[in-house]
Structures are given as C-alpha cells and as structure tokens.
Amino acid sequence: MTALVPLVVLVPLLGAAVTLALGFRPQAQRIVAIVALVIELGLGIALLIAVDAGGPLAMELGGWSAPFGIVLVVDRLSAVMVLVSALVLLAVLLFSVGQGIADGDEETPVSIYNPTYLILTTGVMVAFVSGDLFNLYVGFEILLVASYVLITLGGTEARIRAGVTYVIVSLLSSLLFLASIAMVYGALGTVNLAQVAARMQDLPADVQVLLHVMLLVAFGIKAAVFPLSFWLPDSYPSAPAPVTAAFAGLLTKIGVYAIIRVETVIFPGPELNPALMVVALLTMVVGALGAVAQADIKRILSFTLVSHIGYMILGVALGTAAGTAAAIYYIAHHIVIQTTLFLAAGLVEREAGSTSITRIGGLLASAPLVAVLFFVPALNLGGIPPFSGFIGKLGLFQAAAEQGDALAYVLIGAGALVSLLTLYALVRVWNLAFWRPAGEVEGDETRLLRTVEEAPHSTTTIAATRATSRLMTASTVLMVVVGIALTVFAGPLYGLADRAADNLDGPEQYIQIVFPQGVEP
C-alpha cells in the first residue's frame, strides 16, 4: 500500500498535464479531469482503509532516506483529509462541467479551468501528505498559483479586485511561512517534521515561542482566523460558483490542518492553548455577527465559514485527544456542508439571477428542489439535531467541559450562541429568498431587511436567469446525500476521528512513522 502514497500527488498532476496538452478539446478535457478525480477518490478510500487497519504509511521518494530526501506520510488524519477532499473536488468538478455545458464555457473556460483545477488538487494533496515543512510550503504555493487563476476567471472588475486582495494576503502568509522555515532550519538544521519535533525541546523556551507564534500566524492567515480573516468575505463570493464552493470547502481547512500538525507534532505543550482559545472565541463571534449583517447569500455563507473555523480552532486549542477528535470530525463535516451550501447558492443564482436576499423571492414555489437542497445543509450548518453539525459541536462542547476551566465554559456558551446566530442568518435567507412570495420583493421594507447591507462594490441589480443543467443539480444532490451520510454513520465516523486523534497524541508516534529505527539527535 505504500506505493499508493505518491499516486495521490501524481494522478492529479499527470491529469493536469494531459488536459493541458489536449488544448481546445473540451469534451476530452472533461473526461480526463473526471477520470483523474475518480481515481483520486479511489486512492483516498484505499489509503484510509489501509491506514486504519494497518497503521500509518511513510514513503521516501527517490531512494533518499529521511531527513535528506522527501518523505510523504499518510496517517489517519491525512487519509481522512485526502478522501474528503477528493470527494468534494469531484462533486465540484461535476457541477462545473454541468455549468460549462449549460453556458458554453463562458464562465469557466475549459481549456484553462480543468488543468488549473487539477493543479489546485495537486497542491491540496501535497499539503496533506507532506512530511516536512518545506514541501508543505510548496503545496501552499501550488495552491496560490492555481487559486489566483481560478478566482479571476472571467476577468470582471470584481474578480480581479478580489484576486489581487487574495494574492497579496496569501503572499504575506507565504513570506511568513518561508521565514519561519528558514528560522527553524537555522535553529535545528532540518525541516523534516519528525526531526524538528525530536529536536525542538532542545531550544531555549523563548526561541520555541517565537517559532511557534510565527507558524501559527502564517497558518492562521490561511485558515482565516480572526483578526486574519478580513480578506475572505470579499474574495470568495466574487468567483464563479464552483470555484467559490471548492475554495470555501477546502482551502481554509488546509490552514487548520497545518495548525493541527504544529500543535500535535512540533509544539504539543499547552503554552499557547489559552491564546488559541481566545482566538477561537473571537473568530466564532465576529464571523457570526458578520453573517447576520449581510444581505447576499454568498457573503452570509462566507462569514459563517469564518465563524465555524473558530469551532475547529477550539478543538485544537483544548490540547486533548477528545478535542482533537471532535475537531477532525467537525472539519470533515464542514468541508462537505459548506461546499454543499455554496453549490446550492450557485443554483439559486441561476434560478433567480442574483444571490441578494433583498432582490429575490418565491424560490420555494418556482424551484422547490433547489429549496430543499439549500434547506437541508442549512439546518446541518446551524447545528440542528440530529445532523452532523450538532454531533460535531456536541463533541467539542463535551471536550471543553472535560477541561473544566472558566475559559472553556465561556467558549461553550459562545459556541451555542454562534450556532443560534448561524441558524438565524440562514433562516432569514430561507424566509426572504424562498418563502417570501416573488410579488413582495419590490419595495419590501421588512424588519429583516433593515438590519442587513448589500455587498460592497455591487453595481448590478439583478442578472438574467440561466438554465440549470441536470449535472449541476445532481452533483449538489450528491453532496446533500454525503452530508446526510455524515449523520447516519456518525458513530463509526466519530470512532475513526477518535483513532486519528490517538495518532496525534504527542509527537512520538509521528516520529516513529518516519524514523522506525530511531531519529538522530
């Protein structure tokens, strides 16, 4: 099974090369891209089964042993992230294929989109299986290049503006990360994660804190934690619907994944846990308040994305196996549900010509299937029992209660409040966009509308509606079904998260994976 590890990176990379070589043969490009991601999904399933049954896998590329060569590591956390990411990326690709067929590839030109999308997939997979800091940086840079192309597809003013903001912020994060890598190498003589973990305790405490903070800030920007989340609500909504869905579901979670690695492998101590808990609290509250104040569905979802990153950081900040397990389950849940909601928002935009809740109404009558596809994941994101959102939050609250200090109880209260605010924001979308009759839209000045504001830089009132292909609807239905499956099979999935957290209980297990014969001092 070890031979499957590099294929996780090679398959989308080779798929990108083939689609690029096919040039302007859109049908062939679509087929190659879909096949590549179907294979990627199969690899994710095979790796998760193998790792869960037989333990983590590590492969040294090119015959160079660690720490001199490139090491790829897949433990249960990596395998879960690879599988969920492959599933979401495939569903979003199918949605974009359906959109391209319906629109004649005006929004997402296939000759550019498919190779870039597979390059994005490559960057995601590199980040999840990298066994050293520098290759994690490489994965982030692959993501940056591909995501800039995708976020500016169409070349509109809003997309170029959002792309520039996104790139500037991402470059700042990358510079901080690169500086951190340089400092780690200067202090320890290695960037291999296992060897860094083994040597870190030999450094003076103040140097450890400096390196710890720099890595957390760099990854915090990627994860969009407060106050480093200012860029996200203006960047994601402007992109084409499938691009927004992929970004919202995955990219911030890579930052969270990196934070989990830092906190469990390199710096397993509790020194910065209180600070992380405060950051989690502020991220949850500020994101939820931002969502309540918005009038555009995509911006509402973008702010809820920020707020729910706070839940994940809470699980990591607790510094316990129970907290980490709850965070892992919640990450998988949120990737699926957030992607589903953005795909549903894409369907709303095509049916109504807008995603502004001040300008649309009557969708329950005109598009009942779209209404259902939005309603089910909205309840899930809001944490309504018995959905996976409720299960994940309950796990986080239980882990916080086990810690038992005052800050933990404050976070439990804030988490419950944020869940209610999320539900309020989404119910408001339902009431205005779906339940309100279309005839009441013009000039409607309800109390719900007086408390919200339109998106900045908005220059259009309403666009023409466009046809929705069956493939777009089918891919959204698939994601809704997957979200329901997270609830139906919550027991075994949460058990898997528990076992993944056990792998992360201290750096010793990770060191043993990479250096089974023992690490050099």
Side-chain angles (χ1 to χ4, degrees), residues 76-78 80-81 84-85 88 124 127-128 215-229 232 247-265 272-273 275-288 291 301-339 341 380-383 388-400 403 407-408 411-412 414-416 418-419 422 486 493-494 496-498 500-501 504:
R76 288 188 179 95
L77 174 59
S78 297
V80 167
M81 298 301 291
V84 175
S85 299
V88 166
V124 170
F128 289 147
L215 287 171
L216 284 179
V217 171
F219 296 144
I221 296 174
K222 302 287 187 185
V225 301
F226 182 83
L228 308 173
S229 56
L232 190 150
F247 282 19
L250 280 177
L251 296 196
T252 52
K253 311 311 182 301
I254 299 172
V256 177
Y257 168 84
I259 290 174
I260 292 176
R261 286 294 183 203
V262 166
E263 294 302 303
T264 58
V265 176
L272 294 186
N273 285 358
L276 277 177
M277 293 177 75
V278 172
V279 167
L281 172 65
L282 293 173
T283 302
M284 284 192 289
V285 172
V286 172
L301 295 177
S302 295
F303 275 100
T304 63
L305 167 59
V306 172
S307 70
H308 284 71
I309 294 296
Y311 287 100
M312 303 168 207
I313 300 301
L314 165 60
V316 179
L318 293 173
T320 62
T324 304
I328 292 170
Y329 180 84
Y330 203 82
I331 289 170
H333 145 81
H334 196 261
I335 289 173
V336 172
I337 300 306
Q338 196 77 42
T339 302
L341 282 169
N380 201 332
L381 189 69
S388 57
F390 171 78
I391 295 169
K393 289 171 185 172
L394 182 61
L396 288 167
F397 295 165
Q398 287 178 336
Q403 184 155 316
L407 184 55
L411 277 160
I412 292 173
V418 166
S419 187
T422 301
L486 290 175
L493 291 174
Y494 209 102
L496 175 62
D498 279 328
L504 302 170

List the residues meeting side chain to side chain contact (heavy atoms under 4.5 Å, CB included) with [X], not counting sequence neighbours, and say none if there are none.
| X | value |
| --- | --- |
| Ala127 | Leu136, Ile254 |
| Leu272 | His212, Val213, Leu216 |
| Thr264 | Ile260, Leu504 |

**Prompt:** Is there any salt bridge (charged side-chain N to carboxylate O under 4.0 Å, His left out) pair reaching into residues 254-264, and which pairs are they, with sequence neighbours excluded?
**Reply:**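 For residues 254-264, and leaving out neighbouring residues, the salt bridge (charged side-chain N to carboxylate O under 4.0 Å, His left out) pairs sorted by first residue read Asp75-Arg261.
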Rounded to the nearest 0.5 Å, how far apart are [atom1] of [X] and [atom2] of [Y]?
| X | Y | atom1 | atom2 | result |
| --- | --- | --- | --- | --- |
| Gln338 | Thr304 | CD | OG1 | 4.5 Å |
| Lys253 | Ile335 | NZ | CD1 | 6.0 Å |
| Thr252 | Ile309 | OG1 | CD1 | 3.5 Å |
| Met81 | Phe128 | CE | CZ | 3.5 Å |
| Leu381 | Ser388 | CG | OG | 9.5 Å |
| Leu407 | Leu281 | CG | CG | 7.0 Å |

**Request:** Among Asn380, Ile391, Val84, find the residue that satisfies the side-chain contact (heavy atoms from CB on, under 4.5 Å) test when tested with His333.
**Result:**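 Only one of Asn380, Ile391, Val84 forms a side-chain contact (heavy atoms from CB on, under 4.5 Å) with His333, namely Asn380.
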**Request:** Return yes if some donor-acceptor pair links the side-chain N/O of Thr422 with the main-chain N/O of Gly382 below 3.5 Å, else return no.
**Result:**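 No, Thr422 side chain to Gly382 backbone: no donor-acceptor pair under 3.5 Å.
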Taking all heavy atoms of [X] and all of [Y], pick out the closest pair and write down the distance.
| X | Y | answer |
| --- | --- | --- |
| Ala224 | Val306 | O-CG1, 3.8 Å |
| Ala288 | Val418 | CB-CG1, 3.8 Å |
| Lys222 | Gly255 | CB-CA, 3.9 Å |

Sequence neighbours excluded and cut-off under 3.5 Å, please list the side-chain donor-acceptor pairs for residues 310-332, or say none.
unit_1, atom_1, unit_2, atom_2, d
Tyr311, OH, Gly415, O, 2.5
Tyr311, OH, Ser419, N, 3.3
Thr320, OG1, Gly323, N, 3.1
Thr324, OG1, Thr320, O, 3.0
Tyr329, OH, Leu486, O, 2.9

**Asked** Who pairs with Phe226 by ring pair (Phe, Tyr, Trp, His ring centres under 6.0 Å), at least two apart in sequence or on another chain?
**Response**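 Partners of Phe226 by the ring pair (Phe, Tyr, Trp, His ring centres under 6.0 Å) criterion come out as none, since no residue qualifies.
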